Amino acid sequence: MEKFKNWVLSVISSSPLATGWLAFMVALSITLFLSFVEYQLKLANERERVNSKLNELENQISLALNNGISATKTLAFIAQNENDLIKRFDEFAPQILQANPSVDIIQYLDSGTIVAVYPRPGNESVVGYNVMKDSTRNIELIEAIKRKDVFFSGPLQLRQGGFGIVGRYPIFQQDTLTGFAAVIILFEKLLNQAGLENSPESDFRIEMIKANPETGILENFIPSPNSTLATGYKASVLIPIGNWNLTVQLKKSTAFSSSILAICLRILASGILGFLAWSFARQPSLLRKKLKEQSDEIMLANERFEFATKATSDVIWDWDLQSDQVYRSSQLTKMLGYTEDQSIASSQFWKSIIHPDDAPKVNSDIIEALESESPYWEEEFRVRKSDGSYAYIIDKGYIIRDGKGKPMRMIGAIQDISKRKTAELELLNANESLKNANEELKVFASLASHDMREPLRMISSFMLLLQKKYEHLLDEKANQYISFAIDGSKRLTNLINDLLEYSKVGFDSSSIETIPIHAVIEEVLALKSDLIRESGATVLVEPLPDIKGIKTPIQIVFQNLIGNALKYRKEGVKPIIKISGRELKDFWEFSIEDNGIGIEAEYLEQIFGIFKRLHPKEKYSGTGMGLATCKKIVNQHGGNIWAESLPESGSKFLFTIKKYG
Ligand code: ADP
């Protein structure tokens, strides 16, 4: 049974359109059959109504005619047994009429002539009228004789006026016709009594037809108010006693028209049923389609998730806060070494491996995140690996809440940041030791230079004293040696000063101020005024900006570069120095251009190193610390320094200073 049910369901769902059509056709057939039966019933009902109307009318007519029959037969009996009938006619007639109220006039005909009539007033004119001799009227008289029974003629125009039907009964005395007993029933009265009327309100059309005895033409005696054709069911009956054909016809059949609305509704209902069947049959396939789409989507999402978890080294986790069950991707084994057993699936396991120093903060932060409205939580902390060592991780989670904001689920990822953390720590340590070394170097440099300068000053001053006091006692060679020693100590002093300068260069952001570069240049030029004058140099200063920085180091940069431009001049050529500055997006750029000896391309970078010199000290004095100091200062101001040059055609030194504020 179950199998059959499943088979039916599968057939239905496999062709929903056919199912829909089938349901429609079946429903339509049933409803149309019902409509047909209903129509037939209505027709039968209409027939029944017509027949009963006909019966009713026939009964009414028969009632009137029976009065006529009984009246004529009573009169005939009297005529056969009473010799003084004519004399006593007025005596019998009212009694007969009283007994037969449908009869209006009663007559006695001797042979074929009317000899007595009652009531007399209004009917006198018929007395003496020989009906037998009237060829227009005697046909039906003869019919009565033939039948030897009552026969009604008419309705016909009465001689005394009006319309009536005349019933005549032939009276025989020993088989010899002696006369007729006749009655007249006024036709209008009959129509009224019997309800033989055609009114517009009536559903029926009534006809009382008789062939004209003379002409044989069928005549209808019941007037019809309008000539509308009757189309409904028709029934007729012959009233033999007068040869009338009584017909009743339904004016209009409503059997079909009254069913039309029902038929339409039934067709509509069948259509709806078919549609419902179609949509019902479609449901399984729609459901299957939807299910397939959804499972495809889920498969795709799963696949994406699978590949994503494979592609990343992060551990993906999903924590159901209601059941406290946690899913963690298999990367956990790779990251921390734990196997995927049951203990891993609870949040307790995770809590147990958090470094005891980090656990309180992690726990309180996560509770705070869950209680807040924030959807995110993030924390860096240490967790114990399966081998007992600790890994630094960054754990990020997204909190899913219900409509009331209650946290239901948390989905997140764990990233191992041990390497980064170690590097950070190493960098921090290196920075710390660098800072310490720098500090030590600074102390050392300042101590060394101070301590070195003192004995140096002693050497040079005693050498000068020696030269001054014993110059004339010493030979030329000795004096030359003393000069060398003095020169050496001078240079050593310069070197110590420059070294001290270099080591002192530091960057304290709290000392940043606005520096009007133009004023700085003026100060530098004032310092170098002797050299400028001696060399006959021309210094062109373009408009320069005000910048933010630390003034003294910036001044040292300009001082060194302008000093070099004056120093490394070409022999016999007066130096021309151009100083300019311009604004870039994030930097200020300055340049000091000269027309001096220039620098070979291969040295353009080296010259910024400590103690780097390209010329012998005899030709150009110097320590090789100037550009190194410039580079250190510029770098500390977030900028760069470089040189452009073509030998023999001069050099151009450019540097940038980062814009502050
Ligand atoms: P120094 O004390 O020797 O001038 P610097 O560090 O200032 O030391 O310069 C390094 C070297 O770069 C110099 O010895 C010189 O050879 C070269 N130099 C620097 N400025 C210029 C310049 N304007 N023209 C040519 N050479 C220069």
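Order of appearance sets the numbers: ligands from 1, and atoms from 1 within every ligand. This one's a predicted model, so the numbers in the text were calculated from it and none came from an experiment.
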Name every donor-acceptor pair, under 3.5 Å, that has one atom in a side chain of residues 646-656 and the other anywhere in the protein, sequence neighbours excluded.
residue	atom	partner	partner atom	Å
S649	OG	L646	O	3.0
T656	OG1	N640	N	2.9

* Inter- and intrachain pairs under side-chain hydrogen bond (donor to acceptor under 3.5 Å, both in side chains), touching residues 591-603, at least two apart -> S580-S591
* **Sidechain N-carboxylate O distance under 4.0 Å for K361, D365** => yes
* Asked: Is E424 salt-bridged to K419, going by a charged N under 4.0 Å from an acidic O?
  -> no
* To do: Please determine if R382 and D358 form a salt bridge, counting it only when a charged side-chain N lies under 4.0 Å from a carboxylate O.
  => yes
Can you pull every nitrogen or oxygen pair between ligand 1 and the protein closer than 3.5 angstrom?
residue	atom	partner	partner atom	Å
ligand 1	2 (O)	T623	N	3.0
ligand 1	2 (O)	G624	N	3.0
ligand 1	3 (O)	Y568	OH	3.0
ligand 1	3 (O)	R613	NE	2.5
ligand 1	3 (O)	R613	NH2	3.0
ligand 1	4 (O)	N564	OD1	3.4
ligand 1	4 (O)	K567	NZ	3.0
ligand 1	4 (O)	Y568	OH	2.8
ligand 1	6 (O)	G626	N	3.3
ligand 1	6 (O)	L627	N	2.8
ligand 1	7 (O)	N564	OD1	3.4
ligand 1	7 (O)	N564	ND2	2.9
ligand 1	8 (O)	G624	N	3.4
ligand 1	14 (O)	Y568	OH	3.0
ligand 1	14 (O)	L614	N	3.4
ligand 1	16 (O)	L614	N	3.3
ligand 1	16 (O)	H615	NE2	3.4
ligand 1	20 (N)	N564	ND2	3.3
ligand 1	23 (N)	D594	OD2	2.9
ligand 1	24 (N)	S651	OG	3.4

* Tell me, please, which residues at least two apart from W588 pass ring pair (Phe, Tyr, Trp, His ring centres under 6.0 Å). => none
